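Letters A, B, ... mirror the listed sequences (proteins, then strands); counts begin at 1. All values reported here derive from a predicted model rather than from experimental measurement.
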Amino acid sequence: MRDLLVLGAVVAMLAMGLRNPFIAFLGWGWTAVMAMNTYVYGFMGTVGLNQIFAILSLGLVLFKMDKLSWTFELNRTTMLLIFFAMQALASASFAYPDMGRNWEYCADLFKILAFCLVMSVSVSSRVRTYVLVLVLALGMSFHGLLDGLKLIASGGGHLARGNPKFGDNNHFAVMLAMVVPITYYLYQYAESRVVRLGSLAVSLLVVLAVVATHSRGGLLCIGVMAMGLLANSRRKIAGVVVVVLCVGAVVALAPDSWTERMGTMKEAGDDGSFMGRVMAWKRSSAMALEHPFVGAGLGSASERSIYWKFASRDGFLGFLKTPPPDGIALVAHSIYFQVMGDMGFVGFFLFLALLGNAFLTRIEIRKRVKAAGTDLAWAGDLADMLVVSVLAFMVGGALVSIAYQEFTFMILMLLEVIKRQVILASAVPRATPARAAN
Amino acid sequence: MEALLMLVWISAIVLIAYRLFAHERSGGQKGLGIFAFRDTARNRESKGQAAKRMGGRDA
């Protein structure tokens, strides 16, 4: 039955996509973040839905079938993305031999690059931006809904174990936390009461899903996200009251095991799990020191042969005392060290530049919005929420290996697209507020 | 439960796509319906703007 549902939806989207290339692009984004194949058990499980929409969308854009699209512009974000993908290609080419997922990660990064480049020409209006944000928020939040509901139904006893798309509970928690600012934006801007209240309910369920993961990094992310939302709020006192109430509800709902686990954050030095992370960071920094320009190759932290090659090295973290290597944790345990080990210092600084660029773009958008008045307030508000998402990624990602998740790159490109719209809108004389979509 | 959520979520995505398709095909004449958005965020809107919006929407 699920397979028929997905098949029906895909056929409908393809039919519309053939006549309007932006719908094919929406399908590409939807299938990328929602990963439908992981939720069906029949014949649709093996169909490459994402590839179908990607090929259709790319073809239509290359043949300039979209009348409303922009011309391609080589701006700061697209250049950084291209450099980052090229660095990934160089790292994959000079990687250690027999690395299982080296080229798979490289191909994934090029798919993300393709999606972002198509986004830079396709998302040419506020309506398209809003619809894309809506579809991405729906696709991402779907993964957390069930766990949020199960946490309520179980009276706090449910433990979310992660998701095939994102990985274990820690990866899952950070990715989910990144969606909340976007669903909050939809709550602020949706005209219909159903969508508005739905967005609020989804935000709360996703936060509960993060709690259900029992991830300490996830809790940290939620904290950062709450502070980001408060900083951007115009009613700060009311915001503080809401946050305090939410914290009270979470503490009341969560089981003792959750409270005990969160309490261990204070004793990181004695925590075996945390020391395992420090050991992983040492290995990744040692890889970067040995191969500063290209790193050890993509996915190097997960390779057992590379693990033992660098297991006893301290990298530049020799001042931290760690137990002897046990050969168990084959992960980088941090987006920063993941990129550093995989792509060397060149890749690492490109990655930092990409993340820093998000903040710079947000400042540029805010300046333009301030000069333009309330007509472009939506752009400033959306940029604020996207930056809060990036901040959650940067803080939560410091402890998990999710550097190559496409959702982050989508947000980075979306900020650039908003900037271009704001520049174009502020260049023309002000008219009455556009109400085309209403 | 998961299947029901999938049904709602996927239907919503297809409906959003259809609304946008109809909107762009009509040259902006048709709206996004239930997925329409506001010019101003809820926490930013003044009473005057709210009155204007209500008048504008229902007129």
Tabulate below the donor-acceptor pairs under 3.5 Å that side-chain atoms of residues 3-28 of chain A make, not counting sequence neighbours, or state none.
from	atom 1	to	atom 2	distance (Å)
Asp3(A)	OD1	Gly42(A)	N	3.2
Asp3(A)	OD2	Gly42(A)	N	3.1
Asp3(A)	OD2	Phe43(A)	N	3.2
Asp3(A)	OD2	Met44(A)	N	2.9
Asn20(A)	OD1	Phe22(A)	N	3.0
Asn20(A)	ND2	Glu24(B)	OE1	2.9

- Message: Please report the interatomic distance CZ(Phe37(B)) to OH(Tyr130(A)), rounded to the nearest 0.5 Å.
- Response: 7.5 Å

- Message: Please classify the contact of Leu186(A) with chain B as side chain, backbone, both or neither, using a heavy-atom distance under 4.5 Å.
- Response: neither

- Query: CG/Leu138(A) to CD1/Ile13(B) distance, rounded to the nearest 0.5 angstrom?
  - Reply: 5.0 Å

- Query: Is it the backbone or the side chain of Met1(A) that comes under 4.5 Å from a heavy atom of chain B, or both, or neither?
  - Reply: neither

- Task: Using the side-chain contact (heavy atoms from CB on, under 4.5 Å) rule, take Ile10(B) and Met34(A) through it: C-alpha gap first, then chi angles, then the decisive distance, then the call.
- Result: CA-CA 10 Å; Ile10(B) 292 177; Met34(A) 200 157 161; 4.1 Å; yes

- Note on the structure: dist Arg2(A):CZ -> Glu2(B):CD (nearest 0.5 Å) comes out at 4.5 Å

- Please state whether the side chain, the backbone, both or neither of Val202(A) comes within less than 4.5 Å of a heavy atom of chain B. side chain

- Note on the structure: Cut-off 4.5 Å, heavy atoms of chain A, and the answer for Arg25(B) is side chain

- Message: Heavy-atom cut-off 4.5 Å, strictly under: side chain, backbone, both or neither for Arg193(A) against chain B?
- Response: neither

- Query: How far apart are the closest heavy atoms of Asp39(B) and Arg126(A), and which atoms are they?
  - Reply: CA-NH1, 3.7 Å

- Item | Heavy-atom check, side chain of Leu32(B) versus side chain of Glu191(A), under 4.5 Å | no

- Query: Quick one: CD1 on Ile16(B) to CH2 on Trp30(A), what's the gap to the nearest 0.5 Å?
  - Reply: 11.0 Å

- Note on the structure: Residue from Leu149(A), Val194(A), Leu145(A) scoring the most non-hydrogen pairs under 4.5 Å with chain B is Leu145(A)

- Item | Trp9(B) to Ser141(A) - nearest heavy-atom pair and separation | NE1-OG, 3.6 Å

- With rounding to the nearest 0.5 Å, note down the distance linking CZ in Arg38(B) to CH2 in Trp378(A). 16.0 Å

- Output the distance between atom CE (Met6(B)) and atom CG (Leu146(A)), rounded to the nearest 0.5 Å. 11.5 Å

- Note on the structure: Scanning both residues in full, the closest heavy-atom pair of Phe35(B) with Leu134(A) reads CD2-CD2, 3.7 Å

- Query: Contact part of Tyr39(A) toward chain B, heavy-atom cut-off under 4.5 Å: side chain, backbone, both or neither?
  - Reply: both

